[in-house]
Amino acid sequence: MPQDISTISVMIVETNSSMRTQLRNMLSMCGITQVNLAVTAGVAIRKLRELNFDIILCEYHLGDGQDGQHLLEDLRSHHLIPLWTVFVMITGESSYERVVSAVELAPNDYILKPFSSDLLLERLSKVLTKRDAMMPTYKLIEAGNLLDAIESCRRGEEQYPQYLIDFLRLRAELHLAAGQNDEAQEIYKQVLEQKAVPWAKLGLAKTLFLQKRYDEAEAGFKSLIEENAQYMDAYDWLAKTREAMGELQQAQDTLQEAVKVSPHTTRRLRKLGEVSNELGDHETAIKTMSEVVRKGKYSDFRDPEDHVALVKAQLGKGDAIAANATLRDLERSMDGLPKTELCKALSTAMVATQAGDSDAAIAALENAVKHNDPRIGATLSLKKDLARICIEHKRDDAAAEVIMDVMRHAADDDAVESIKNMLAELGRPELGEQLATRIRDEVKDLMSEGARLAQRGDFDGSVRQMMQAVQKLPGNINVLFNASLSLLKHIENQGWNPKFAADARTYIDRVRKTDPGNERLKAITNYFHGLLKKHGIKSNEF
């Protein structure tokens, strides 16, 4: 073992009690005694919210439509386990090698049953040795220091040639996160010149998507699916590309094909339901969202918006009885979640509107607007539905409040355009133009004043101005970008300020998460890390 075996901690995720006991005994024979047990994926998630482990040993089949791959994707996408936690899949299926070769978020290793304690120890030692080689890079990533993490990858490529492909893959992902699309593209091409590696093909197509070269990206994702019909991430990216191209029907077709291959992934089912509702395909939306709601009731990642989508589809089909039943289920099963009151009020307004009860609908709408708090994370789709029904009931003031909220938090012009298009469909194009102009003027005035203050050398005033802008428009990419720039200029001219550095990093990370293809990310990331080095600051020191 690359580390003291007595310090290694392991979580076993296994539904079968005898297999849990057998695995625990094997680990004990290997000298590993810090072992925690989880009998379901849900139990594992709840424990992992509180504790970190060196290793997770997970059975592939977890019952009730769940499997270890879904669990891994949930853990990684919701950041419930650090990069240095080793995830090892245990399966009795010899075909699993084909499955794992076609996923973007793959486990660190997998072991086919049956196996001995000696084999288990050998495989765990192997993955921990590799983990330790990559640990310096992982720590830099966890600290948010992307550029130093990229350099750490370069050093790893030279120091550990046996892990070259792993360091290259990680470095490419870091280049993308830092807005360095060209550098990522070069790595993917370099790998593909040597070998037809699916993840490199996927990564190359992703760089094309981020550059809005949608036709080329589409061809890349289609090619991957033609080569391996099990490559689920390629389906997801192909659907996303077609949606960005405005080809909703083709996006739905792609998602339906994906669901046929892998019918249990809630994230994908939810997206299919959303696209189907958008297309007016209520039958597909009902079928899909019913499954999402069923799966979500006992999930740690359940979302009351799923009930709203199902109510919308049921009302679209004219089934008010089913919609009322879904509303009652929403009240019963989603109680206490941040978005529940908003979702209940909106669903009630939808049902009352369908029933012709205008008074009840308006009362519910007023309640929904009251609960439309930006902090709860309601999606653009939900807010559009709320604005739409406000317009239908001639509650222009309430609609304007919701729309202004959407536009102030809009990541890009596409979100604003989708609202304007909806208002045009409802016969109110002038309202969309009027509100969009008001938001543009707000952004322009706030940023212009911040820039003027900085040019005069009033860096304190510039920061104050841009912090007010962030409070008013917390999701606007231009505001976030310029706020981070104002903070960094203050540091450059007035000296090191740990709070300003932390705030700048937060805003840059928001831009990176919302708009990973933003062409200004590379420059501001370099600027930020240049200031860190100038002041001799490590990213984990603030």
Side-chain angles (χ1 to χ4, degrees), residues 64-67 69-71 73-74 77-78 99 102-105 202 205-206 209 214 217-218 221-222 224-226 228-299 301-317 319 322-323 326 329-330 334 339 343 347 350 378-385 414-415 418 422:
D64 193 29
Q66 284 285 312
D67 63 42
Q69 183 60 40
H70 297 153
L71 174 59
E73 290 175 2
D74 279 341
S77 60
H78 291 277
V99 174
V103 292
E104 191 170 5
L105 291 172
L202 183 76
K206 282 165 62 177
F209 175 89
Y214 295 133
E218 181 185 35
F221 296 130
K222 283 174 65 177
L224 271 169
I225 293 169
E226 288 167 4
N228 186 344
Q230 302 291 320
Y231 208 142
M232 305 316 303
D233 295 295
Y235 287 99
D236 294 337
W237 277 96
L238 178 58
K240 187 175 181 178
T241 303
R242 286 173 165 170
E243 188 177 11
M245 297 167 76
E247 299 174 351
L248 277 187
Q249 184 60 63
Q250 290 89 334
Q252 185 197 44
D253 293 344
T254 301
L255 289 166
Q256 286 179 312
E257 286 299 315
V259 168
K260 286 178 186 176
V261 178
S262 177
H264 300 302
T265 304
T266 303
R267 167 183 50 78
R268 189 173 297 117
L269 288 167
R270 183 179 287 125
K271 187 62 185 178
L272 175 57
E274 177 190 327
V275 171
S276 299
N277 258 337
E278 193 75 16
L279 283 168
D281 183 356
H282 303 303
E283 287 283 355
T284 301
I286 290 170
K287 178 182 176 183
T288 304
M289 293 313 302
S290 295
E291 181 66 7
V292 172
V293 166
R294 184 190 70 79
K295 285 177 173 292
K297 284 183 185 178
Y298 309 104
S299 167
F301 307 111
R302 66 190 188 279
D303 189 340
E305 285 200 34
D306 296 333
H307 282 76
V308 181
L310 180 54
V311 167
K312 182 179 178 180
Q314 290 165 331
L315 291 174
K317 192 183 175 186
D319 192 346
T326 300
D329 184 66
L330 165 61
M334 298 286 143
K339 287 192 279 186
C343 291
S347 297
M350 288 177 170
T379 64
L380 172 63
S381 176
L382 189 87
K383 291 177 182 179
K384 283 174 65 177
D385 286 337
D414 290 342
S418 71
M422 180 194 75

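Because the structure is a prediction, the values reported are computed rather than measured.
Remark: side-chain polar atoms of Asp236 are not paired, donor with acceptor, to backbone N or O of Arg268 under 3.5 angstrom. Using modelled atom types, no side-chain atom of Gln252 and backbone atom of Leu279 make a donor-acceptor pair closer than 3.5 Å. In this structure, Tyr235 contributes its side chain and Ala229 its backbone to a donor-acceptor pair below 3.5 Å.
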Derivation of the side-chain contact (heavy atoms from CB on, under 4.5 Å) call for Lys271 and Val275: CA-CA 6 Å; Lys271 187 62 185 178; Val275 171; 4.1 Å; yes
Take Thr326 and Gln314, measure what side-chain hydrogen bond (donor to acceptor under 3.5 Å, both in side chains) needs, and give me the verdict at the end. CA-CA 9 Å; Thr326 300; Gln314 290 165 331; 2.8 Å; yes
The test is side-chain contact (heavy atoms from CB on, under 4.5 Å); show your working for Lys206 and Phe221 and say whether it passes. CA-CA 9 Å; Lys206 282 165 62 177; Phe221 296 130; 4.2 Å; yes
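More than 12 heavy atoms of other shown residues, nucleotides or ligands fall within 6.0 angstrom of atom CD in Gln249.
Closest approach of Leu269 to Pro263, counting heavy atoms only: CD1-O, 3.6 Å.
Between Gln250 and Glu218 the shortest side-chain heavy-atom distance does not fall below 4.5 Å. The shortest side-chain heavy-atom distance between Gln69 and Thr265 does not fall under the 4.5 Å cut-off. Between Met289 and Lys312, every side-chain heavy-atom pair lies at or beyond the 4.5 Å cut-off. Between Trp237 and Leu224 there is no side-chain heavy-atom pair separated by less than 4.5 Å.
Relative orientation of the Phe301 and His78 rings is parallel, given thresholds of 30° and 60° on the angle between their planes.
Of the N and O atoms on the side chains of Thr379 and Glu305, at least one donor lies less than 3.5 Å from an acceptor on the other residue.
Atoms CG and CD, from Asp281 and Gln256 in turn, are 7.0 Å apart once rounded to the nearest 0.5 Å. The line from NZ of Lys339 to CG of Leu330 is 11.5 Å long, rounded to the nearest 0.5 Å. With values rounded to the nearest 0.5 angstrom, Met232 atom CE is found 9.5 Å from Glu257 atom CD.
Screening Arg270, Lys295, Arg294 for a side-chain hydrogen bond (donor to acceptor under 3.5 Å, both in side chains) with Asp306, the sole residue that qualifies is Arg270.
Electrostatic pairing of Arg242 and Asp253 does not count as a salt bridge here, judged by no charged N lying under 4.0 Å from a carboxylate O.
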